[in-house]
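A short write-up of the structure that comes next.
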Amino acid sequence: MSLPIIRPIRLDDFEAVYKLAMQASGGMTNLPRDKDALRVRVESSVKSFCANPKEPGDETYMIVLEVAGAILGIAAVFASIGRDTGFVNYKVNWTFHASQPLDKRIKRRLLVPTHDYTGAGEVGSLFLAKGARGDGFGKFLAKARYLFIAQKPEIIADPICAELRGWRDENGRSPFWDALGQHFFDMDFDEADLYNSSTGNQFIADLMPPVPIYVVLLPKAARDCIGRPYSKSEPALAMLKSEGFEYRDYVDIFDAGPLLSAKKSDIRTIYDSREKIVRIRSSPADDNLTVRLLAAGQCANFRATRASVRESDDDITLCPETAGVLCVGDGDRVRCVEQ
C-alpha cells in the first residue's frame with residue numbers, strides 16, 4: 001500500500017482540487033466552488049511557497065493529501081491574515097444597564113466589530129474527499145499544518161486562529177445571516193461568501209454597521225447560532241480543542257461560527273514534535289515498530305507522511321520507501337510526533 005504524502009499544492013493539482021471544492025458544502029470561504037476564485041487561491045499559494053519568506057507576510061500555504069497519485073484532501077496555513085484590509089469579526093461582549101428608581105439591573109450581550117485578529121496566523125480549508133474519510137486522514141491532514149509551522153515557525157504569525165462554519169438549518173440557510181447580514185449586503189449568503197473569498201473582505205468594513213449589535217434584538221434562531229458550529233464542522237472543532245485551541249467569544253461576521261485560537265508554543269503537535277536523525281534500513285526489525293507522523297523540509301520542500309518506524313531518543317529508523325517520500329537521506333533530520 002502506498003504511503004500517504006502531504007506536500008505543497010502545484011498548479012497541475014487544480015482540477016483535482018476543484019473536484020474537492022465541488023464536494024464541499026457552502027461556507028468554506030477558502031475553498032470556493034467558483035473556478036476563477038479557486039484558481040487565484042492556488043496560484044497565490046504556489047507563489048507563496050516559492051517566495052522563500054523570512055517573516056510573516058500575506059502568504060497562503062495550501063497543502064494537499066496525495067495517496068497513490070490521487071488528491072484526496074486539502075488544508076492551508078495563512079501566514080498573516082488581513083494585512084491589507086483588516087480581518088473583521090465579532091467579539092461577544094457584555095453590557096450592563098442599571099436604574100436606581102426602577103431598581104433594575106440588566107445584563108445584555110453585544111456583538112462588537114473588532115480587528116483583534118488582524119495580523120494573526122490562521123489554519124483552515126481542511127477538507128477530505130468523501131471516499132477518504134474514516135482512515136484517520138483528516139487528523140493527519142490537520143496535524144500536518146502544525147508540522148509545517150513547526151518546520152519554519154518564523155514565517156507564521158502568532159497567535160494562530162481557526163474559523164469554523166456557523167450553524168445552518170436543514171435547508172442550508174444561515175439564520176444569523178438572514179437576521180443580520182443580508183439587510184446590509186443586499187445579497188444572499190453564498191454570494192457574499194464567494195465575493196469575500198475572491199476579492200477580500202474590505203466590503204464588510206464598507207457595508208456592515210461599525211457599531212455594536214444588541215443580541216437581544218435578533219430572532220431566537222439567530223441568537224442560537226452565535227458561537228455554534230455547523231454540524232459537519234463538529235469533528236474539526238474537537239480536533240482543534242485537542243490541539244489546545246480555545247474559543248474566546250469571537251465569531252464570524254457572516255454566520256456567527258466560532259473562532260478559536262492558540263499561541264504557536266501551546267499547540268500540542270508543535271510542542272510534542274521532536275527532530276531526530278534519520279537512519280535508513282532496508283527492513284527495520286519488526287519489534288518495537290510504531291506509527292508516527294513524519295515531516296521534513298521547509299516551504300516548497302515540505303513533505304509529511306505517516307509510517308511505521310523504530311525510534312530512540314535521538315535517532316529514527318526509516319525504510320527506503322518512507323525516506324524517499326520525505327526526500328531525506330541517512331543522517332538527515334525529520335520531525336516526528338504521535339499520530
Side-chain angles (χ1 to χ4, degrees), residues 2 4-49 60-78 81 122-142 144-145 162-174 176-178 181-182 185 187-201 203 229-237 239-240 252 254-255 257:
S2 299
I5 307 169
I6 291 179
R7 57 166 176 80
I9 198 168
R10 301 189 301 245
L11 292 178
D12 60 6
D13 294 323
F14 177 78
E15 290 299 331
V17 172
Y18 179 66
K19 289 180 181 179
L20 290 178
M22 294 304 293
Q23 293 181 35
S25 54
M28 288 197 72
T29 306
N30 297 309
L31 194 60
R33 291 191 250 184
D34 177 89
K35 270 198 169 184
D36 291 337
L38 182 61
R39 195 180 303 277
V40 169
R41 295 274 181 181
V42 173
E43 292 175 350
S44 174
S45 181
V46 171
K47 290 179 182 177
S48 295
F49 280 112
T60 298
Y61 303 103
M62 298 176 74
I63 54 177
V64 295
L65 168 67
E66 180 182 333
V67 182
I71 304 301
L72 300 183
I74 189 167
V77 178
F78 304 88
I81 55 178
E122 184 183 11
V123 292
S125 306
L126 179 63
F127 186 76
L128 277 179
K130 293 177 181 178
R133 297 167 192 173
D135 292 323
F137 286 141
K139 185 177 181 181
F140 175 32
L141 195 50
R145 300 176 302 188
E163 283 192 304
L164 295 175
R165 288 179 289 171
W167 175 256
R168 290 188 172 197
D169 64 21
E170 62 276 7
N171 298 314
R173 298 190 63 86
S174 166
F176 185 83
W177 171 263
D178 290 346
Q182 69 166 344
F185 291 87
M187 59 181 75
D188 64 29
F189 177 82
D190 288 334
E191 184 182 0
D193 209 35
L194 175 58
Y195 192 81
N196 180 33
S197 69
S198 59
T199 66
N201 65 2
F203 77 108
Y230 185 42
S231 56
K232 293 182 180 179
S233 296
E234 289 176 357
L237 175 64
M239 284 194 292
L240 286 166
D252 182 75
F254 283 118
D255 59 15

Contact summary for Phe176 and Phe254, nearest pair of heavy atoms: CD2-O, 3.3 Å
Any donor and acceptor pair, going by atom type alone, linking the side chain of Asp169 with main-chain N or O of Asn171 inside 3.5 Å?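 Yes; judged by distance alone, with no hydrogens or angles, the pair exists.
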Ser48 side chain to Thr60 backbone, donor-acceptor under 3.5 Å: yes
Would you give the length of the straight line joining atom [atom1] of [X] to atom [atom2] of [Y], rounded to the nearest 0.5 angstrom?
| X | Y | atom1 | atom2 | value |
| --- | --- | --- | --- | --- |
| Asp255 | Leu164 | CG | CG | 9.5 Å |
| Arg165 | Ser174 | CZ | OG | 12.0 Å |
| Leu128 | Phe137 | CG | CZ | 8.5 Å |
| Phe78 | Met62 | CZ | CE | 7.0 Å |
| Glu234 | Met239 | CD | CE | 12.5 Å |

Student check: side-chain heavy atoms of [X] and [Y] closer than 4.5 Å:
| X | Y | answer |
| --- | --- | --- |
| Arg7 | Asp13 | yes |
| Ile63 | Phe49 | yes |
| Ile74 | Ile9 | yes |
| Val64 | Leu20 | no |
| Phe127 | Leu141 | no |

Hey, is NZ on Lys35 packed in by over 12 heavy atoms from elsewhere, all under 6.0 Å? yes
Candidate pair Val17 and Arg41, rule side chain to side chain contact (heavy atoms under 4.5 Å, CB included), full reasoning: CA-CA 11 Å; Val17 172; Arg41 295 274 181 181; over 6 Å; no
Under the side chain to side chain donor-acceptor pair (under 3.5 Å) test, residues paired with Arg10 that sit two or more places apart: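 Side chain to side chain donor-acceptor pair (under 3.5 Å) list for Arg10, sorted by chain: Asp12.
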